[in-house]
Enquirer: 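The structure is given below, and queries will be raised subsequently.
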Amino acid sequence: MSPAQSRRFRRLLLTGAAGALGTVLREHLPALADVLRVSDRAPLGPAQEREEVVPCDLGNAAGMEALTRDVDAVVHMGGVSGEAPFADLHHGNILGMYHLFEGCRKNGVGRVVWASSNHAIGFYPRTRTIDATVPQRPDTNYGLTKAFGEDLAQYYNDKYGIEAVSLRIGSCRDRPIDRRMLATWLSYPDLAHLVERSLIAPAVGHTVVFGVSANHESFWDNRAAAALGFRPRDNAEAYRADIEASTPPVGPDDPLVKYQGGQFVAMPHADDDAT
Ligand code: NAI
Ligand code: 15L
């Protein structure tokens, strides 16, 4: 089969394409689609081969409706990616998710694969192994917006039939850099593989999975991702000796290692004065 024949999608939309994970996925997704539409509010550079560059702010309802027109599926990496003033989170992650799914509903888009976060469940202690069915326990206003996003995805699946995979990503970067990430690390190749499986697995309804590599140390039961065909290859254990040698030890009550969300549980409210 020629590459063109093996591509699953006519057009895919990637939001947050200028961000860290969007940049990784911008390299991988062209293998799956005849056309990749990339979007962000930040500069995206020139269009690559078989790409459309469509700048859009997630808070712009009309813009999001136009952005989601004539696409088969969406990979949504756009939004505020950490704790922030609530007005910013509301704009990017609450209104942004709502406008995205409204655009998908109005334009008949079949599936959304999007970046939730481990911070939707960050207040679980790491002594407890959880799967993706436990009640949410957000650790920040940021995590709260991700919990909202998961509820929104469930609602749009139940009511309007849009399929969705909510990826509760752990710590996605080129390598783990602290002791917590020995459990939460997701490598870039494993991210690309997880997104691909989430796009092409049949009949996902709304599925919540953890975005995490095959780390020996783990507090997440990720059978839901395995059911999508996710077979991670990387393991943070390869970095343990280096991390233990280069980072100071932490006591068991340090939030870094006490809670699944790590330091996020101890972050102050972003709207409080920093005095
Ligand atoms: P990032 O901050 O590098 O990228 C986010 C992108 O979204 C940026 O390019 C930004 O310009 C864009 N964006 C923000 N607000 C926007 C708006 N109102 N309109 C249009 N574009 C907007 O973050 P990163 O690391 O690439 O993360 C991608 C997604 O994955 C985020 O939703 C983040 O919350 C989530 N995530 C990331 C994790 C990680 O380890 N990198 C872990 C868990 C979740
Ligand atoms: C996230 O949700 C953030 O987007 C990312 O920057 C990391 O902080 C990650 O979680 C983590 O928990 O390590």
Side-chain angles (χ1 to χ4, degrees), residues 13-26 38-45 53-61 63-64 67 74-85 87-100 103 112-124 126 138-150 153 165-188 190-192 194-195 208-213 215 219-220 236 255-257 259-267:
L13 167 64
L14 172 64
T15 70
L21 306 193
T23 299
V24 170
L25 294 170
R26 192 173 175 179
V38 293
S39 185
D40 205 297
R41 67 178 175 184
L44 285 156
V53 173
V54 185
C56 187
D57 193 300
L58 296 164
N60 174 351
M64 291 303 289
L67 185 67
V74 180
V75 177
H76 179 51
M77 293 289 134
V80 178
S81 57
E83 186 62 323
D88 296 346
L89 288 164
H90 179 256
H91 181 88
N93 296 6
I94 302 281
L95 285 180
M97 278 292 280
Y98 183 73
H99 294 330
L100 174 73
V112 177
V113 176
W114 77 282
S116 180
S117 169
N118 72 88
H119 298 291
I121 48 81
F123 253 112
Y124 283 96
R126 59 184 286 141
D139 57 25
T140 38
N141 284 347
Y142 165 67
L144 186 63
T145 66
K146 296 296 187 180
F148 168 83
E150 293 180 1
V165 182
S166 296
L167 309 174
R168 282 184 184 161
I169 298 172
S171 308
C172 190
R173 43 194 310 139
D174 57 350
R175 52 158 294 173
I177 55 162
D178 64 27
R179 290 168 190 249
R180 171 177 170 268
M181 290 185 197
L182 293 170
T184 60
W185 184 54
L186 173 67
S187 72
Y188 289 150
D190 285 343
L191 167 73
L194 178 59
V195 168
V208 182
V209 303
F210 292 101
V212 66
S213 283
N215 307 325
F219 32 77
W220 295 326
L256 180 68
V257 294
Y259 296 98
Q260 298 189 2
Q263 297 107 323
F264 277 57
V265 303
M267 284 179 180

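All ligand and atom numbering here is 1-based and tracks the order in the structure.
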Enquirer: Using modelled atom types and a 3.5 Å cut-off, is there a donor and acceptor pairing between side-chain atoms of Ser117 and backbone atoms of Ala120?
Expert: no
Enquirer: Could you give the N/O to N/O pairs under 3.5 Å linking ligand 1 and the protein, each with its distance?
Expert:
residue  : atom   : partner : partner atom : Å
ligand 1 : 2 (O)  : Ser81   : OG           : 2.7
ligand 1 : 3 (O)  : Ala20   : N            : 2.9
ligand 1 : 7 (O)  : Gly79   : N            : 3.1
ligand 1 : 7 (O)  : Gly79   : O            : 3.4
ligand 1 : 9 (O)  : Gly19   : N            : 3.1
ligand 1 : 9 (O)  : Asp40   : OD1          : 3.4
ligand 1 : 9 (O)  : Asp40   : OD2          : 2.6
ligand 1 : 11 (O) : Asp40   : OD1          : 2.7
ligand 1 : 15 (N) : Arg41   : NH2          : 3.4
ligand 1 : 18 (N) : Arg41   : NH1          : 3.4
ligand 1 : 18 (N) : Asp57   : OD1          : 3.1
ligand 1 : 19 (N) : Leu58   : N            : 2.8
ligand 1 : 21 (N) : Arg41   : N            : 3.4
ligand 1 : 23 (O) : Ser81   : OG           : 3.4
ligand 1 : 26 (O) : Ala20   : N            : 3.1
ligand 1 : 26 (O) : Leu21   : N            : 2.8
ligand 1 : 32 (O) : Lys146  : NZ           : 2.9
ligand 1 : 34 (O) : Tyr142  : OH           : 2.5
ligand 1 : 34 (O) : Lys146  : NZ           : 3.0
ligand 1 : 40 (O) : Cys172  : N            : 2.7

Enquirer: Checking the side chain of Asn215 only, and the main-chain atoms of Trp185 only, is there a donor and an acceptor separated by less than 3.5 Å?
Expert: yes
Enquirer: Under 3.5 Å, side chain of Asp139 to main-chain N/O of Phe264, donor-acceptor pair present?
Expert: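 No; judged by distance alone, with no hydrogens or angles, the pair does not exist.
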Enquirer: Heavy-atom count around Tyr98 OH within 6.0 Å, excluding the residue itself: above 12?
Expert: no
Enquirer: Given 3.5 Å as the limit, does a donor-acceptor pair link the side chain of Gln263 with the main chain of Pro255, or not?
Expert: no
Enquirer: Give a yes or no answer on whether the side chain of Arg26 reaches the backbone of Leu44 with a donor-acceptor pair at less than 3.5 Å.
Expert: yes
Enquirer: Side chains of Ser116 and Ser166: any donor to acceptor distance under 3.5 Å?
Expert: no
Enquirer: Just by modelled atom types, is the Ser187 backbone N or O under 3.5 Å from a matching donor or acceptor in the Ser213 side chain?
Expert: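 Here the side-chain-to-backbone pair exists.
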Enquirer: Return yes if some donor-acceptor pair links the side-chain N/O of Ser39 with the main-chain N/O of Pro55 below 3.5 Å, else return no.
Expert: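 Judged by distance alone, no pair lies under 3.5 Å.
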Enquirer: Starting from the N and O atoms of ligand 2, collect every protein N/O partner closer than 3.5 Å and put each pair on its own line with the distance to 0.1 Å.
Expert:
residue  : atom   : partner : partner atom : Å
ligand 2 : 2 (O)  : Ser117  : OG           : 2.8
ligand 2 : 2 (O)  : Tyr142  : OH           : 2.6
ligand 2 : 4 (O)  : Ser81   : O            : 2.6
ligand 2 : 4 (O)  : Tyr142  : OH           : 3.2
ligand 2 : 10 (O) : His119  : NE2          : 3.1
ligand 2 : 12 (O) : Asn118  : ND2          : 3.0
ligand 2 : 12 (O) : His119  : NE2          : 2.7
ligand 2 : 12 (O) : Arg180  : NH1          : 3.2
ligand 2 : 12 (O) : Arg180  : NH2          : 2.9
ligand 2 : 13 (O) : Ser171  : OG           : 2.6
ligand 2 : 13 (O) : Arg180  : NH1          : 3.1

